[in-house]
Amino acid sequence: MIDRQRGYLPSNTVREIIRDNAMLLPAISRFDISFGFGDSSIERACRDNNVDTATFIGVCNLLSGYGRSDGLQVSLPSLMGYLRRAHTSFLDITLPRIRHHLIEAINYSDTNEAALLLIKYYDDYVGEVRRHMDYENDVIFVYVDGLLGGHADADFSIEHFSVNHESMTEKLNEIKDIFIYHYKQKENARLSSALFDIITCERDMMAHFEVENRLFVPAVQHLSLIHI
């Protein structure tokens with residue numbers, strides 16, 4: 001049983017938390033926990049896959065709206081592994097799939113110019129997301145690896161990390177609204193499916209940024225204070 005006050009516990013099974021919130025499936029994958037876990041507890045599944053249990057539970061509780069993240073002690077190596085795999089998932093799987101579905105759904109023969117402009121707008125957005133996530137991978141995480149190794153960069157401030165997060169989810173919502181309110185097309189079954197993918201991606205990305213803002217940034221701030 002899930003304790004609604006305390007959230008997920010190490011003794012809960014992975015199957016229980018998926019039944020409680022199916023949207024945790026991507027999180028399990030991003031922690032690189034193998035499927036086929038049967039009736040394993042969270043603690044057992046994490047141990048078998050070399051994942052820090054407290055970090056896994058902290059992320060899953062945050063994504064499911066349980067408990068408090070304030071003061072949660074997370075493993076930065078484990079959390080960065082999760083975040084890196086999330087970036088790969090967005091950039092290599094989710095966003096390209098949405099583009100493919102949008103192209104399939106658009107009626108080029110009727111509104112060729114408008115369709116091309118919409119795809120370009122989407123491509124520009126994906127480029128922005130890629131630049132942001134590449135910066136996180138190549139600069140932010142390298143800085144944190146340095147901190148973990150005992151080397152602090154006095155010129156770097158983690159407080160500026162989350163500045164552009166909100167704008168990226170807003171732009172994804174704008175793309176969805178442009179198609180819904182301004183793109184005229186009768187055959188909308190495929191387009192509706194593509195827009196549902198965008199809505200799901202938007203929610204997934206908002207949850208991803210929430211993990212960064214509420215778990216990752218405070219953990220890095222705490223670590224940086226140790227090295228002052």
Side-chain angles (χ1 to χ4, degrees), residues 18-33 35 59-60 62-65 80-141 161-214 216:
I18 293 173
R19 190 179 297 120
D20 183 66
N21 180 9
M23 297 304 293
L24 291 177
L25 278 172
I28 293 169
S29 176
R30 291 166 188 173
F31 272 108
D32 208 23
I33 292 178
F35 289 172
V59 169
C60 291
L62 179 60
L63 297 180
S64 297
M80 284 195 296
Y82 167 87
L83 295 174
R84 283 190 175 103
R85 282 183 285 271
H87 292 169
T88 300
S89 178
F90 284 121
L91 295 174
D92 294 350
I93 300 174
T94 304
L95 293 172
R97 183 180 66 233
I98 290 173
R99 186 183 194 277
H100 176 73
H101 288 170
L102 286 174
I103 289 175
E104 281 189 335
I106 285 175
N107 187 340
Y108 279 91
S109 61
D110 290 343
T111 53
N112 186 52
E113 184 177 355
L116 290 175
L117 286 173
L118 287 168
I119 293 300
K120 182 181 184 305
Y121 188 78
Y122 179 79
D123 287 345
D124 289 343
Y125 165 76
V126 172
E128 179 182 345
V129 174
R130 182 173 297 278
R131 287 188 295 274
H132 179 88
M133 292 186 173
D134 283 347
Y135 176 78
E136 292 179 2
N137 291 338
D138 300 337
V139 178
I140 302 291
F141 295 159
F161 173 64
S162 62
V163 171
N164 295 322
H165 284 171
E166 187 174 338
S167 67
M168 281 192 288
T169 53
E170 286 177 352
K171 287 182 180 179
L172 194 57
N173 187 58
E174 286 174 9
I175 292 170
K176 177 198 66 182
D177 287 348
I178 288 171
F179 276 100
I180 291 175
Y181 299 118
H182 302 290
Y183 187 77
K184 292 185 179 295
Q185 180 174 300
K186 292 268 187 187
E187 300 295 331
N188 284 324
R190 289 185 178 181
L191 183 56
S192 295
S193 178
L195 294 177
F196 185 77
D197 287 344
I198 290 177
I199 292 169
T200 303
C201 179
E202 180 188 7
R203 291 176 179 173
D204 191 12
M205 200 170 286
M206 289 175 65
H208 173 75
F209 294 146
E210 190 80 352
V211 170
E212 291 183 332
N213 293 340
R214 293 181 59 185
F216 178 68

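Remember, it's a predicted structure, so these values are computed and weren't measured experimentally. Excluded from the calculations below are hydrogen atoms, water molecules and symmetry mates; all remaining heavy atoms, backbone and side chain alike, are included.
- Taking every heavy atom of both residues into account, I98 and C201 meet most closely at CD1-CB, 3.7 Å.
- The aromatic rings of H87 and F141 sit parallel, their planes meeting at an angle under 30°, below the 60° perpendicular limit.
- Inter-residue side-chain proximity for L195 and I198 is flagged as met; some heavy-atom pair is nearer than 4.5 Å.
- By the neighbour-count criterion of 12 heavy atoms within 6.0 Å, atom CZ of R97 is densely surrounded, having more than that number from other residues, nucleotides or ligands.
- To the nearest 0.5 Å, atoms CD1 (I119) and CD1 (I106) are separated by 4.0 Å.
- R130 CZ to L95 CG: the interatomic distance, rounded to the nearest 0.5 Å, is 8.5 Å.
- Atom-to-atom distance recorded for L83:CG and M133:CE is 9.5 Å, nearest 0.5 angstrom.
- Separation of atoms CD1 (I199) and CD1 (I180) is listed at 6.0 Å; rounding is to 0.5 Å.
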Which pairs would a plain distance check flag for residues 25-32, meaning a side-chain donor or acceptor within less than 3.5 Å of a matching protein atom at least two apart in sequence or in another chain?
| residue | atom | partner | partner atom | Å |
| --- | --- | --- | --- | --- |
| R30 | NH1 | D204 | OD1 | 3.1 |
| R30 | NH2 | S89 | OG | 3.4 |
| R30 | NH2 | D204 | OD2 | 2.7 |

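- Using a 4.5 Å cut-off on side-chain heavy atoms (C-beta onward), K171 and E174 make contact.
- Distance check: Y121 OH to I178 CD1 gives 5.0 Å after rounding to the nearest 0.5 Å.
- Between the side chains of H132 and E136, a donor-acceptor pair is found at a separation under 3.5 Å.
- Proximity of V211 to F216: side-chain heavy atoms (C-beta onward) are nowhere separated by under 4.5 Å.
- Around atom CZ of F196, no more than 12 heavy atoms belonging to other residues, nucleotides or ligands sit under 6.0 Å away.
- To the nearest 0.5 Å, the span separating CG on D134 from CD1 on I140 amounts to 12.5 Å.
- Side chain of Y181 to backbone of K176: no donor-acceptor contact under 3.5 angstrom is found.
- Residue pairs meeting the salt bridge (charged side-chain N to carboxylate O under 4.0 Å, His left out) criterion with at least one partner in residues 82-92, sequence neighbours excluded, are R84-D145.
- Looking at every heavy atom in both residues, E210 comes nearest to L62 through O-CD2, 3.8 Å.
- Between E128 and D124 there is no side-chain heavy-atom pair separated by less than 4.5 Å.
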